[in-house]
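Here's the structure we're looking at; comments come further down.
Counting convention: from 1, in listed order, for ligands and their atoms alike. Note that these values count all heavy atoms, side chains included, but never hydrogens, waters or copies made by symmetry.
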Amino acid sequence: MKRIDHIAIAVADLDAAEVVYRDTLNLEWGGREEVATQKVLTSIFKVGESRLELVSPTAGDSPIAAFLRKKGGGLHHICFEVDDIEAEMKNLKDKGMRLLNSTPTPGVGGSRVVFLHPKDSSGVLVELVEKG
Ligand code: CO
């Protein structure tokens, strides 16, 4: 695990949340990007070597839509950057961690990502990313 790549916050109203993080908290805004595979629209903020991502659903069956219905928004996941995502997946599987997808899926900016079961990491959803 090289560093925290990003922290994701689930929001129902992306416009309103953007105003707070960009204009009130004064974070450097990096624009929006849709991640079709996750059915989400992300709004990206640069914070040093890491990013903060506001994530909102683009469809009712998006995982973020389910999260908003259940928890009403808030911290959704923490993402760690790795060099070799397949090697790390095997390593974690060998240690008994459950992975939510068996192969890496496309993430923001041509990256590949995998999610770990939150019950295996103290209740927080963990994402691993290998940069594209
Ligand atoms: Co993420």
Side-chain angles (χ1 to χ4, degrees):
M1 308 288 173
K2 292 166 76 176
R3 64 186 183 93
I4 292 176
D5 182 78
H6 64 270
I7 293 170
I9 297 171
V11 301
D13 185 339
L14 194 60
D15 292 328
E18 254 173 13
V19 167
V20 171
Y21 281 86
R22 186 183 54 214
D23 302 336
T24 307
L25 291 174
N26 245 335
L27 300 187
E28 184 187 347
W29 192 50
R32 289 182 173 187
E33 186 168 334
E34 188 171 355
V35 184
T37 53
Q38 299 288 323
K39 297 180 183 174
V40 295
L41 185 61
T42 64
S43 184
I44 298 161
F45 296 85
K46 295 171 190 165
V47 189
E49 285 209 318
S50 300
R51 296 190 317 277
L52 193 99
E53 289 184 8
L54 303 177
V55 187
S56 68
T58 56
D61 60 346
S62 162
I64 296 296
F67 182 85
L68 288 172
R69 280 193 296 272
K70 205 170 148 194
K71 305 214 167 156
L75 178 65
H76 185 259
H77 64 267
I78 294 177
C79 179
F80 298 106
E81 184 184 354
V82 298
D83 283 324
D84 182 340
I85 197 164
E86 274 91 0
E88 203 54 55
M89 287 169 73
K90 185 185 181 311
N91 173 38
L92 293 173
K93 239 193 269 183
D94 289 349
K95 289 176 176 169
M97 298 283 285
R98 286 168 288 176
L99 308 180
L100 296 188
N101 39 310
S102 55
T103 55
T105 61
V108 167
S111 63
R112 297 188 307 140
V113 307
V114 66
F115 287 92
L116 312 182
H117 198 297
K119 287 207 170 120
D120 294 342
S121 43
S122 306
V124 174
L125 182 61
V126 171
E127 178 183 22
L128 305 180
V129 64
E130 181 186 314
K131 295 297 190 180

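Taking the charged nitrogens against the carboxylate oxygens, Lys2 and Glu49 have no contact shorter than 4.0 Å, which rules out a salt bridge.
His76 lies apart from the Co ion (ligand 1) in this respect, since none of its N, O or S atoms is found at a distance under 2.8 Å. The Co ion (ligand 1) has an N, O or S atom of His6 closer than 2.8 Å. Among the atoms of Glu127, an N, O or S atom falls under 2.8 Å from the Co ion (ligand 1).
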Candidate pair Met1 and Leu128, rule side chain to side chain contact (heavy atoms under 4.5 Å, CB included), full reasoning:
CA-CA 8 Å; Met1 308 288 173; Leu128 305 180; 3.7 Å; yes
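When every heavy atom of Ser121 is checked against every heavy atom of Val126, the shortest pair comes out as OG-CG2, 3.7 Å.
Side-chain contact between Phe67 and Leu125 is absent, with no heavy atoms from C-beta onward closer than 4.5 Å.
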